[in-house]
Amino acid sequence: MQTKISLMNGNIMVKAIEREDATENKHGLIIPKETLEDEQVAQGVVIRSNSENVKVGDILLFHKVMPVDVNMKIDGDEKLETYFFILEKDIICKIEKQ
């Protein structure tokens with residue numbers, strides 16, 4: 001069953017994914033493992049977005065101090081997954097594999 005989620009107030013819906021040891025974006029920004037261990041930083045893939053700058057499928061590194069995180073099943077998830085509802089201002093960077 002498809003779940004209808006309507007984003008409000010500029011939120012972007014991100015599904016949590018495991019962070020890598022070191023991450024480098026297309027501009028050469030490397031985020032060391034020590035920074036990623038900080039519980040205030042999370043990595044996720046965009047599931048829903050109304051933003052012109054953030055598209056479904058983008059992988060983001062973001063501050064998770066203010067975002068709301070929810071454990072739920074949607075769109076065929078077999079188990080409870082963690083989803084974040086974040087604002088664009090909380091995004092640190094997009095991660096693009098080269």
Side-chain angles (χ1 to χ4, degrees):
M1 173 178 16
Q2 187 77 350
T3 305
K4 181 175 169 84
I5 297 175
S6 300
L7 297 176
M8 307 299 233
N9 301 317
N11 279 288
I12 298 165
M13 185 176 181
V14 179
K15 184 176 184 177
I17 58 176
E18 191 167 326
R19 295 178 295 188
E20 299 174 13
D21 286 349
T23 305
E24 182 174 354
N25 71 7
K26 70 179 182 180
H27 301 292
L29 174 66
I30 296 175
I31 298 134
K33 181 178 181 178
E34 295 76 27
T35 300
L36 293 176
E37 290 173 351
D38 183 352
E39 288 300 314
Q40 296 180 2
V41 177
Q43 188 171 324
V45 61
V46 177
I47 302 299
R48 305 234 188 341
S49 174
N50 292 331
S51 169
E52 293 179 13
N53 299 318
V54 180
K55 305 294 181 216
V56 171
D58 284 349
I59 297 175
L60 306 176
L61 194 65
F62 57 92
H63 295 284
K64 67 174 195 175
V65 175
M66 291 302 292
V68 174
D69 62 316
V70 178
N71 292 319
M72 61 184 174
K73 291 182 184 182
I74 65 165
D75 299 340
D77 288 340
E78 293 183 15
K79 60 182 178 124
L80 285 175
E81 298 285 352
T82 302
Y83 292 89
F84 292 94
F85 294 88
I86 66 172
L87 297 173
E88 196 168 341
K89 69 177 184 66
D90 293 321
I91 297 170
I92 299 168
C93 66
K94 283 189 210 180
I95 298 170
E96 299 179 27
K97 302 288 183 182
Q98 302 272 330

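Everything numeric here is computed off the predicted structure, so don't read it as measured data.
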Student: Kindly compute the distance separating CG (L61) from CD1 (I91), expressed to the nearest 0.5 Å.
Tutor: 10.0 Å
Student: Is there side-chain contact between I5 and I47, with at least one heavy-atom pair below 4.5 Å?
Tutor: no
Student: What distance separates N71 CG from L80 CG, expressed to the nearest 0.5 Å?
Tutor: 6.0 Å
Student: Residues two or more places apart in sequence or in another chain: which of them pass side-chain hydrogen bond (donor to acceptor under 3.5 Å, both in side chains) with E88?
Tutor: S51, N53
Student: Less than 3.5 Å apart, which donor and acceptor atoms pair up between the side chains of residues 9-17 and the rest of the protein, not counting sequence neighbours?
Tutor:
from	atom 1	to	atom 2	distance (Å)
N11	ND2	M8	O	2.8
K15	NZ	D77	OD1	3.4

Student: I need the full list of salt bridge (charged side-chain N to carboxylate O under 4.0 Å, His left out) pairs touching residues 50-63, with sequence neighbours left out, sorted by first then second residue.
Tutor: D58-K94
Student: Determine whether M72 and L7 fall in the same hydrophobic cluster, where Ile, Leu, Val, Met, Phe, Trp and Tyr are linked whenever their side-chain heavy atoms lie under 4.5 Å apart.
Tutor: yes
Student: Just verifying a value: how many Å separate L87 CG and H63 NE2, rounded to the nearest 0.5 Å?
Tutor: 12.5 Å
